[in-house]
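Report on one structure; see the data block that follows.
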Amino acid sequence: MPATPRPLRSRQRRSALRTAAFMSPWLIGFSVFFVYPLLSTLYFSFTRYDGFRQPAFNGLDNWTYVFSDYPLFWPAMRNTLWLVLVMVTCRVAFGLGIGLLITKIKTATGVFRTLFYLPYLAPPVAATLAFVFLLNPGTGPVNTLLDAVGLPTPGWFTDADWSKPALTALALWGVGDLMVIFMAALLDVPKEQYEAAELDGAGAWARFRHITLPNISPIIMFAVVTGVIQAMQYYAQPLVAGKVAAGVIGGSGQQFEPGYPDKSTLTLPQLVYNLGFQRFDYGTACVVALVLFALSMAFTALLMRRRGGLIGAGE
(Lines give C-alpha, C1' and ligand atoms only; values in the text may rest on other atoms or scores of the structure.)
Protein backbone atom coordinates (compact mmCIF):
# COMPACT_ATOMS: atom_id res chain seq x y z
CA MET A 1 0.00 0.00 0.00
CA PRO A 2 1.61 3.31 -1.03
CA ALA A 3 2.50 5.73 1.73
CA THR A 4 0.42 8.88 2.15
CA PRO A 5 2.17 11.82 0.43
CA ARG A 6 3.76 14.27 2.84
CA PRO A 7 1.77 17.31 1.56
CA LEU A 8 -1.47 15.40 2.11
CA ARG A 9 -0.50 14.46 5.68
CA SER A 10 0.43 18.07 6.35
CA ARG A 11 -2.94 19.29 5.09
CA GLN A 12 -4.73 16.71 7.23
CA ARG A 13 -2.76 17.80 10.29
CA ARG A 14 -3.56 21.46 9.67
CA SER A 15 -7.21 20.62 9.17
CA ALA A 16 -7.28 18.69 12.45
CA LEU A 17 -5.60 21.55 14.32
CA ARG A 18 -8.02 24.06 12.80
CA THR A 19 -10.97 21.89 13.85
CA ALA A 20 -9.56 21.54 17.38
CA ALA A 21 -9.09 25.32 17.58
CA PHE A 22 -12.72 25.96 16.67
CA MET A 23 -13.86 23.31 19.16
CA SER A 24 -11.56 24.49 21.94
CA PRO A 25 -14.16 26.70 23.74
CA TRP A 26 -16.51 23.73 23.98
CA LEU A 27 -13.70 21.32 24.92
CA ILE A 28 -12.50 23.64 27.69
CA GLY A 29 -16.02 24.15 29.03
CA PHE A 30 -16.80 20.43 28.84
CA SER A 31 -13.58 19.56 30.68
CA VAL A 32 -13.92 22.22 33.38
CA PHE A 33 -17.65 21.94 34.07
CA PHE A 34 -18.30 18.23 33.42
CA VAL A 35 -15.24 15.99 33.28
CA TYR A 36 -13.38 17.53 36.24
CA PRO A 37 -16.45 17.64 38.57
CA LEU A 38 -17.38 14.07 37.60
CA LEU A 39 -13.88 12.74 38.30
CA SER A 40 -13.71 14.72 41.56
CA THR A 41 -17.05 13.29 42.66
CA LEU A 42 -15.84 9.80 41.87
CA TYR A 43 -12.64 10.38 43.85
CA PHE A 44 -14.41 11.84 46.90
CA SER A 45 -16.86 8.92 46.95
CA PHE A 46 -13.97 6.72 48.10
CA THR A 47 -12.86 9.10 50.85
CA ARG A 48 -13.93 10.39 54.24
CA TYR A 49 -14.23 14.12 53.66
CA ASP A 50 -16.05 16.85 55.58
CA GLY A 51 -14.84 19.90 53.64
CA PHE A 52 -12.47 21.05 56.39
CA ARG A 53 -9.83 18.35 56.68
CA GLN A 54 -7.93 16.58 53.95
CA PRO A 55 -9.82 13.68 52.31
CA ALA A 56 -8.89 10.29 53.77
CA PHE A 57 -9.23 7.23 51.58
CA ASN A 58 -11.69 4.71 53.05
CA GLY A 59 -12.27 2.33 50.15
CA LEU A 60 -15.84 1.16 49.64
CA ASP A 61 -17.09 2.21 53.09
CA ASN A 62 -19.26 5.03 51.71
CA TRP A 63 -20.77 2.79 49.05
CA THR A 64 -21.47 0.02 51.55
CA TYR A 65 -23.06 2.47 53.96
CA VAL A 66 -25.36 4.00 51.30
CA PHE A 67 -26.61 0.72 49.88
CA SER A 68 -26.75 -1.32 53.11
CA ASP A 69 -27.02 0.90 56.19
CA TYR A 70 -28.34 4.34 55.21
CA PRO A 71 -32.07 4.21 56.05
CA LEU A 72 -33.10 7.08 53.75
CA PHE A 73 -31.50 5.91 50.51
CA TRP A 74 -33.99 3.27 49.34
CA PRO A 75 -37.12 5.34 50.18
CA ALA A 76 -35.59 8.21 48.20
CA MET A 77 -34.77 5.84 45.34
CA ARG A 78 -38.34 4.51 45.23
CA ASN A 79 -39.82 8.01 45.33
CA THR A 80 -37.52 9.25 42.56
CA LEU A 81 -38.35 6.28 40.32
CA TRP A 82 -42.08 6.80 41.03
CA LEU A 83 -41.81 10.42 39.94
CA VAL A 84 -39.92 9.43 36.80
CA LEU A 85 -42.42 6.76 35.77
CA VAL A 86 -45.70 8.36 36.85
CA MET A 87 -45.18 12.11 36.88
CA VAL A 88 -43.27 12.26 33.57
CA THR A 89 -45.83 10.02 31.86
CA CYS A 90 -48.74 12.12 33.13
CA ARG A 91 -47.07 15.40 32.13
CA VAL A 92 -46.34 14.23 28.60
CA ALA A 93 -49.84 12.79 28.12
CA PHE A 94 -51.53 15.85 29.63
CA GLY A 95 -49.37 18.30 27.69
CA LEU A 96 -50.13 16.47 24.45
CA GLY A 97 -53.84 16.38 25.26
CA ILE A 98 -53.97 20.11 26.00
CA GLY A 99 -52.00 20.84 22.82
CA LEU A 100 -54.45 18.77 20.76
CA LEU A 101 -57.42 20.48 22.41
CA ILE A 102 -56.18 24.00 21.72
CA THR A 103 -55.31 23.22 18.09
CA LYS A 104 -58.94 22.10 17.59
CA ILE A 105 -60.49 25.20 19.16
CA LYS A 106 -61.70 27.67 16.56
CA THR A 107 -62.28 30.76 18.73
CA ALA A 108 -60.32 32.46 21.53
CA THR A 109 -57.30 30.25 20.91
CA GLY A 110 -54.92 32.91 22.21
CA VAL A 111 -56.87 33.26 25.45
CA PHE A 112 -56.82 29.53 26.18
CA ARG A 113 -53.16 29.27 25.21
CA THR A 114 -52.29 32.08 27.61
CA LEU A 115 -54.35 30.63 30.45
CA PHE A 116 -52.69 27.23 30.17
CA TYR A 117 -49.19 28.68 29.79
CA LEU A 118 -49.27 31.24 32.62
CA PRO A 119 -48.95 28.68 35.48
CA TYR A 120 -45.63 27.56 34.03
CA LEU A 121 -44.23 31.04 34.66
CA ALA A 122 -44.93 30.88 38.39
CA PRO A 123 -41.77 30.38 40.52
CA PRO A 124 -41.58 26.76 41.77
CA VAL A 125 -41.51 27.72 45.45
CA ALA A 126 -44.46 30.11 45.15
CA ALA A 127 -46.46 27.55 43.16
CA THR A 128 -45.74 24.86 45.75
CA LEU A 129 -46.79 27.12 48.61
CA ALA A 130 -50.04 27.91 46.83
CA PHE A 131 -50.77 24.23 46.22
CA VAL A 132 -50.06 23.29 49.84
CA PHE A 133 -52.61 25.85 51.02
CA LEU A 134 -55.13 24.89 48.34
CA LEU A 135 -54.81 21.22 49.29
CA ASN A 136 -54.77 21.80 53.04
CA PRO A 137 -56.86 18.89 54.39
CA GLY A 138 -58.57 21.04 57.02
CA THR A 139 -59.11 24.46 55.51
CA GLY A 140 -58.17 24.16 51.83
CA PRO A 141 -60.81 24.98 49.21
CA VAL A 142 -60.21 21.72 47.31
CA ASN A 143 -61.21 19.49 50.24
CA THR A 144 -64.02 21.88 51.14
CA LEU A 145 -65.43 21.44 47.65
CA LEU A 146 -64.94 17.66 47.71
CA ASP A 147 -66.71 17.43 51.05
CA ALA A 148 -69.58 19.57 49.78
CA VAL A 149 -70.29 17.12 46.95
CA GLY A 150 -69.87 14.06 49.17
CA LEU A 151 -66.49 12.87 47.88
CA PRO A 152 -63.59 11.62 50.04
CA THR A 153 -61.19 14.30 51.27
CA PRO A 154 -57.55 13.09 51.06
CA GLY A 155 -54.80 14.34 53.33
CA TRP A 156 -52.70 15.37 50.32
CA PHE A 157 -49.31 16.65 51.52
CA THR A 158 -49.94 15.39 55.06
CA ASP A 159 -50.69 11.83 53.93
CA ALA A 160 -47.88 9.55 52.71
CA ASP A 161 -50.25 7.85 50.25
CA TRP A 162 -51.33 11.13 48.64
CA SER A 163 -48.21 13.32 48.76
CA LYS A 164 -46.74 12.09 45.45
CA PRO A 165 -50.10 12.36 43.61
CA ALA A 166 -50.32 15.92 44.98
CA LEU A 167 -46.85 16.67 43.57
CA THR A 168 -47.99 15.19 40.26
CA ALA A 169 -51.03 17.49 40.27
CA LEU A 170 -48.67 20.42 40.84
CA ALA A 171 -46.53 19.30 37.88
CA LEU A 172 -49.64 19.00 35.67
CA TRP A 173 -50.72 22.52 36.65
CA GLY A 174 -47.44 23.85 35.22
CA VAL A 175 -47.52 21.87 31.99
CA GLY A 176 -47.56 24.98 29.79
CA ASP A 177 -44.04 24.38 28.47
CA LEU A 178 -44.96 21.00 27.00
CA MET A 179 -48.25 22.38 25.69
CA VAL A 180 -46.43 24.99 23.61
CA ILE A 181 -43.91 22.46 22.28
CA PHE A 182 -46.62 19.98 21.31
CA MET A 183 -48.76 22.71 19.73
CA ALA A 184 -45.89 23.71 17.47
CA ALA A 185 -45.34 20.08 16.48
CA LEU A 186 -49.05 19.42 15.87
CA LEU A 187 -49.45 22.50 13.69
CA ASP A 188 -46.51 21.28 11.60
CA VAL A 189 -48.17 17.97 10.67
CA PRO A 190 -49.09 18.07 6.94
CA LYS A 191 -52.82 18.62 6.55
CA GLU A 192 -52.76 16.65 3.29
CA GLN A 193 -52.19 13.46 5.27
CA TYR A 194 -55.28 14.07 7.39
CA GLU A 195 -57.36 14.83 4.29
CA ALA A 196 -56.20 11.65 2.57
CA ALA A 197 -56.98 9.60 5.69
CA GLU A 198 -60.48 11.09 5.92
CA LEU A 199 -61.11 10.19 2.28
CA ASP A 200 -60.10 6.61 3.12
CA GLY A 201 -62.62 6.56 5.97
CA ALA A 202 -60.14 6.73 8.87
CA GLY A 203 -61.64 7.79 12.18
CA ALA A 204 -60.24 10.22 14.73
CA TRP A 205 -58.29 7.54 16.63
CA ALA A 206 -56.85 6.05 13.45
CA ARG A 207 -55.71 9.48 12.27
CA PHE A 208 -54.10 10.19 15.63
CA ARG A 209 -52.39 6.81 15.76
CA HIS A 210 -51.14 6.56 12.19
CA ILE A 211 -50.56 10.23 11.28
CA THR A 212 -50.19 12.42 14.36
CA LEU A 213 -48.01 10.15 16.49
CA PRO A 214 -45.46 9.24 13.78
CA ASN A 215 -45.07 12.90 12.80
CA ILE A 216 -44.52 14.20 16.32
CA SER A 217 -42.50 11.21 17.59
CA PRO A 218 -39.22 13.19 17.86
CA ILE A 219 -41.01 15.81 20.00
CA ILE A 220 -42.47 13.11 22.25
CA MET A 221 -39.00 11.65 22.68
CA PHE A 222 -37.61 15.10 23.51
CA ALA A 223 -40.37 15.69 26.08
CA VAL A 224 -39.83 12.31 27.73
CA VAL A 225 -36.03 12.57 27.93
CA THR A 226 -36.05 16.13 29.29
CA GLY A 227 -38.86 15.17 31.67
CA VAL A 228 -36.82 12.25 33.05
CA ILE A 229 -33.81 14.52 33.59
CA GLN A 230 -35.99 17.11 35.37
CA ALA A 231 -37.58 14.43 37.57
CA MET A 232 -34.12 13.18 38.51
CA GLN A 233 -33.32 16.74 39.67
CA TYR A 234 -36.63 17.22 41.52
CA TYR A 235 -35.70 19.07 44.69
CA ALA A 236 -37.44 22.34 45.55
CA GLN A 237 -41.11 21.35 45.23
CA PRO A 238 -41.12 18.24 47.46
CA LEU A 239 -38.85 19.91 50.02
CA VAL A 240 -41.02 23.04 50.28
CA ALA A 241 -44.24 20.99 50.35
CA GLY A 242 -42.91 18.77 53.12
CA LYS A 243 -41.68 21.73 55.16
CA VAL A 244 -44.93 23.70 54.95
CA ALA A 245 -47.11 20.64 55.56
CA ALA A 246 -45.00 19.78 58.61
CA GLY A 247 -45.30 23.33 59.94
CA VAL A 248 -41.62 24.19 59.48
CA ILE A 249 -41.77 27.61 57.86
CA GLY A 250 -38.09 28.49 58.17
CA GLY A 251 -35.75 30.45 60.34
CA SER A 252 -32.29 29.90 61.72
CA GLY A 253 -31.73 27.02 64.12
CA GLN A 254 -34.61 24.91 62.82
CA GLN A 255 -33.73 21.35 61.94
CA PHE A 256 -35.80 19.59 59.33
CA GLU A 257 -35.33 16.10 57.96
CA PRO A 258 -36.62 16.05 54.36
CA GLY A 259 -39.28 13.58 53.31
CA TYR A 260 -42.36 14.58 55.34
CA PRO A 261 -44.74 12.82 55.61
CA ASP A 262 -43.11 9.45 56.41
CA LYS A 263 -40.31 9.86 53.81
CA SER A 264 -42.90 10.01 50.99
CA THR A 265 -41.54 13.25 49.46
CA LEU A 266 -37.87 12.34 49.87
CA THR A 267 -35.86 12.38 46.64
CA LEU A 268 -32.24 11.63 45.77
CA PRO A 269 -31.29 15.29 45.17
CA GLN A 270 -32.53 16.08 48.69
CA LEU A 271 -30.20 13.41 50.06
CA VAL A 272 -27.24 14.92 48.20
CA TYR A 273 -27.92 18.34 49.76
CA ASN A 274 -28.71 16.94 53.20
CA LEU A 275 -25.58 14.80 53.35
CA GLY A 276 -23.20 17.25 51.75
CA PHE A 277 -24.28 20.67 53.00
CA GLN A 278 -26.09 19.92 56.25
CA ARG A 279 -24.17 16.93 57.60
CA PHE A 280 -20.85 17.71 55.85
CA ASP A 281 -20.47 14.10 54.78
CA TYR A 282 -19.21 14.82 51.29
CA GLY A 283 -18.02 11.27 50.59
CA THR A 284 -21.46 9.76 51.10
CA ALA A 285 -23.12 12.64 49.25
CA CYS A 286 -20.87 11.95 46.26
CA VAL A 287 -22.01 8.32 46.23
CA VAL A 288 -25.67 9.38 46.03
CA ALA A 289 -24.79 11.95 43.35
CA LEU A 290 -23.08 9.26 41.25
CA VAL A 291 -26.09 6.97 41.62
CA LEU A 292 -28.31 9.81 40.45
CA PHE A 293 -26.03 10.46 37.48
CA ALA A 294 -25.95 6.75 36.56
CA LEU A 295 -29.75 6.53 36.72
CA SER A 296 -30.15 9.58 34.49
CA MET A 297 -27.73 8.19 31.92
CA ALA A 298 -29.37 4.74 32.03
CA PHE A 299 -32.89 6.12 31.53
CA THR A 300 -31.75 8.38 28.70
CA ALA A 301 -29.83 5.59 26.94
CA LEU A 302 -32.79 3.21 27.32
CA LEU A 303 -35.22 5.75 25.90
CA MET A 304 -32.96 6.55 22.96
CA ARG A 305 -32.50 2.86 22.17
CA ARG A 306 -36.20 2.09 22.59
CA ARG A 307 -37.48 5.09 20.68
CA GLY A 308 -39.64 2.90 18.45
CA GLY A 309 -41.13 1.09 21.42
CA LEU A 310 -42.10 4.34 23.09
CA ILE A 311 -44.51 5.21 20.30
CA GLY A 312 -44.72 1.83 18.62
CA ALA A 313 -48.49 1.98 18.68
CA GLY A 314 -48.41 4.87 16.29
CA GLU A 315 -45.83 3.68 13.81
Side-chain angles (χ1 to χ4, degrees), residues 79-80 82-103 105 108-146 153-159 162-186 219 222-251 256 258-261 264-270 273:
N79 293 336
T80 302
W82 191 97
L83 292 171
V84 168
L85 296 175
V86 177
M87 188 175 72
V88 174
T89 302
C90 290
R91 283 194 89 242
V92 172
F94 191 64
L96 178 57
I98 296 298
L100 281 168
L101 177 65
I102 293 181
T103 56
I105 295 176
T109 304
V111 174
F112 286 104
R113 186 166 58 237
T114 303
L115 289 176
F116 279 109
Y117 185 74
L118 278 178
Y120 173 71
L121 301 178
V125 173
T128 306
L129 288 172
F131 252 71
V132 171
F133 286 112
L134 287 173
L135 299 178
N136 186 293
T139 60
V142 173
N143 274 13
T144 301
L145 180 61
L146 291 175
T153 54
W156 300 112
F157 289 110
T158 61
D159 187 341
W162 282 93
S163 58
K164 287 189 287 293
L167 288 172
T168 303
L170 171 61
L172 294 181
W173 181 70
V175 79
D177 57 333
L178 291 184
M179 177 204 69
V180 171
I181 293 172
F182 282 128
M183 279 184 58
L186 291 167
I219 307 304
F222 170 80
V224 172
V225 171
T226 55
V228 167
I229 294 173
Q230 290 172 359
M232 286 290 182
Q233 300 172 348
Y234 207 52
Y235 174 81
Q237 292 90 331
L239 182 66
V240 172
K243 274 191 171 186
V244 177
V248 180
I249 304 302
F256 175 75
Y260 181 88
S264 62
T265 59
L266 188 64
T267 61
L268 291 177
Q270 291 178 18
Y273 182 85

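- For the pair Phe116 and Val180, the minimum side-chain heavy-atom distance is 4.5 Å or more.
- From Leu178, atom CG reaches atom CG of Leu96 across 9.5 Å, with rounding to the nearest 0.5 Å.
- In this structure the side chain of Pro141 reaches within 4.5 angstrom of the side chain of Leu134, judged on heavy atoms.
- The side chain to side chain contact (heavy atoms under 4.5 Å, CB included) with Leu170 is formed by just one residue from the set Thr128, Leu135, Val132; it is Thr128.
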Going through the checks in order, is the side chain to side chain contact (heavy atoms under 4.5 Å, CB included) test met by Trp156 and Asn136?
-> CA-CA 7 Å; Trp156 300 112; Asn136 186 293; over 6 Å; no

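- Listed by chain and residue number, nothing satisfies the salt bridge (charged side-chain N to carboxylate O under 4.0 Å, His left out) test with Arg113 (two or more places apart in sequence, or in another chain).
- From Ile102, atom CD1 reaches atom CE of Met183 across 5.5 Å, with rounding to the nearest 0.5 Å.
- When all heavy atoms are compared, the tightest approach of Phe131 to Ala166 is CD2-O, 4.5 Å.
- Atom CD1 of residue Ile98 and atom OG1 of residue Thr103 lie 10.5 Å apart, to the nearest 0.5 angstrom.
- Of all non-hydrogen atoms in Thr265 and Asn79, the two that sit nearest each other are N-ND2, 4.0 Å.
- No side-chain donor-acceptor contact under 3.5 Å links Gln237 to the backbone of Ala127.
- With hydrogens and angles disregarded, a donor-acceptor distance shorter than 3.5 Å links the side chain of Thr80 to the backbone of Leu268.
- Residues Pro269 and Leu239 fail the side-chain proximity criterion, which asks for heavy atoms closer than 4.5 Å.
- For Tyr273, the ring-ring contact (aromatic ring centres under 6.0 Å, His included) test picks out Tyr235, Phe277, with sequence neighbours left out.
- Of all heavy-atom pairs spanning Val88 and Val228, the tightest one is CG2-N, 4.0 Å.
- The closest donor-acceptor contact from the side chain of Asn143 to the backbone of Gly138 lies at 3.5 Å or more, if one exists at all.
- Residues Thr158 and Pro261 fail the side-chain proximity criterion, which asks for heavy atoms closer than 4.5 Å.
- Residues Pro238 and Thr267 approach most closely at CG-CG2, 4.2 Å, considering heavy atoms.
- Residues Gln270 and Gly259 come closest through the heavy atom pair OE1-N, 4.0 Å.
- The ring-ring contact (aromatic ring centres under 6.0 Å, His included) search around Tyr234 returns none, not counting sequence neighbours.
- Here the closest heavy-atom approach between residue Phe182 and residue Val92 is recorded as CE1-O, 3.7 Å.
- With rounding to the nearest 0.5 angstrom, the CD1 atom of Ile219 is 7.5 Å from the CD1 atom of Ile181.
- Judged as a side chain to side chain donor-acceptor pair (under 3.5 Å), the pairs with a partner in residues 168-183 (not counting sequence neighbours) are, in order, Arg91-Asp177.
- Looking at residues two or more places apart in sequence or on another chain, you find no ring-ring contact (aromatic ring centres under 6.0 Å, His included) involving Phe222.
- Applying the salt bridge (charged side-chain N to carboxylate O under 4.0 Å, His left out) test to Asp159 and every residue at least two apart in sequence or in another chain returns nothing.
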